[in-house]
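Here the structure comes first, spelled out in structure tokens, and everything after it is commentary.
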Amino acid sequence: MSLMTEKDLEYWLEHVRIYANNGEVADYIPALANQQPEINAAAFYALKGECYTAGQFEYTFTIQSISKVLSLALALIQHGENAVFSRVGKEPSSDPFYSIRKLELEDPGIPLNPMINAGALSVTNMIRGRDSDEMVSELLALVRRLCDDDSISYDEKVAKSEMETAFLNRSLAYFMKQNGIITGSIEELMDVYTRQCAIKMNVKQLARVAAVFANDGRDPVTLKPLIPLTVARICKTFMVTCGMYDYSGTFAINVGIPAKSGVSGAIMGVIKEEGGIAVFGPALDEQGNSVVGIRLLEKLAEEKHWSIF
Ligand code: GLN
């Protein structure tokens, strides 16, 4: 494996930026439809603590589905494996992330995994707190520790925009409430879920989160444990099996690293014993993955022999 440099990152991002023409910005959340497809950025946070950047690396975006990894980590920390996996499964789905159909097929209606929307809603429903504000605070506290940055927060406009239009996610939640998997107020759950998806970061902050996973849950600089080793391992395994939606199998062959993407156009990737990478480019392919992000990770994985397989 050859080590990453800032030059590599700049070179390959420049090389793949043209692929933005092959994708479309997500528009089912109205506030995301305003994103500029030509924006791109990448950061690599090495385990030694240096962070390399390329493109518009100060640009902030909402992390969307990447937050599913973080809410899962929190639920596992708060409740342990047995409780969490009584309300969400461990199997890949091969359906789009928003799909509802397997909920009816599965007995007893437990969503297949925490990386699809149904599973993520079930996980978010487990976060401790007397109300939605407390639940969001719990999650933000964890995310701020991972980023080593107390300024991390969520984008109110994006959260509100999704809250006003999340009819399918509400349907998933009501379906699971009917089956006793979700409890409490669905509107309150949606309030937490839309704010968690709207957590705002730049690629440097996101690459640091990935670096914590690359470091088995420890702070890459101080080595302090931030997430228990087993929780980090479970999260990384889900990133491999389901992190790139219904493209996870192909991604495992072409790239071969634990990764998670979000419909804003962000992807975080975990490079074992080396560091964390974050890529942003809002033009998406059919599965909802950043086209520039996928291309960049493919190129770098090939150049640097990143595949864990
Ligand atoms: N907030 C988005 C949703 O629930 C997240 C989906 C995603 O990033 N794939 O639809």
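Start at 1 and go down the list; that is how both ligands and their atoms are numbered.
Taking the six-membered ring where tryptophan is involved, the planes of Phe44 and Tyr52 are essentially parallel, since the angle between them stays under 30° and well short of 60°. Classified by interplanar angle (parallel below 30°, tilted 30° to 60°, perpendicular above 60°), the ring pair Phe238/Phe85 is tilted. Between His15 and Tyr11, the ring-plane angle classifies as parallel under the 30° and 60° cut-offs.
Of the heavy atoms in Ile66, none comes closer than 4.0 Å to ligand 1.
Per-residue contacts place Asn169 under 4.0 angstrom from the following atoms of ligand 1 (heavy atoms of the residue considered): 3 (C), 4 (O), 10 (O). Near Gly262, with a cut-off below 4.0 Å to any heavy atom, the atoms of ligand 1 are 8 (O). Heavy-atom proximity to Glu162, at under 4.0 Å, picks out these atoms of ligand 1: 1 (N), 2 (C), 3 (C), 4 (O), 10 (O).
Annotation: Ser261 places no N or O atom under 3.5 Å from an N or O atom of ligand 1; distance criterion only. Between Asn117 and ligand 1, an N or O atom pair is found at a separation short of 3.5 Å. Between Cys197 and ligand 1, no N or O atom pair is found at a separation short of 3.5 Å.
Side-chain atoms of Thr194 and Glu162 include no donor-acceptor pair closer than 3.5 Å.
In this structure, atom 10 (O) of ligand 1 lies nearest to the protein heavy atom Tyr28 OH, 2.5 Å. The protein heavy-atom contact nearest to atom 6 (C) of ligand 1 is Ser65 OG, 3.0 Å.
Taking a cutoff of 4.0 Å between a charged side-chain nitrogen and a carboxylate oxygen, Lys299 and Asp8 do not qualify as a salt bridge. With respect to the salt-bridge test (charged N to carboxylate O, under 4.0 angstrom), the residues Lys7 and Glu10 do not qualify. A salt bridge links Asp219 to Arg208: one of the charged nitrogens lies within less than 4.0 Å of a carboxylate oxygen.
Summarising the contacts of atom 4 (O) of ligand 1 with Tyr193, Tyr98, Tyr245, the nearest heavy atom is found in Tyr193.
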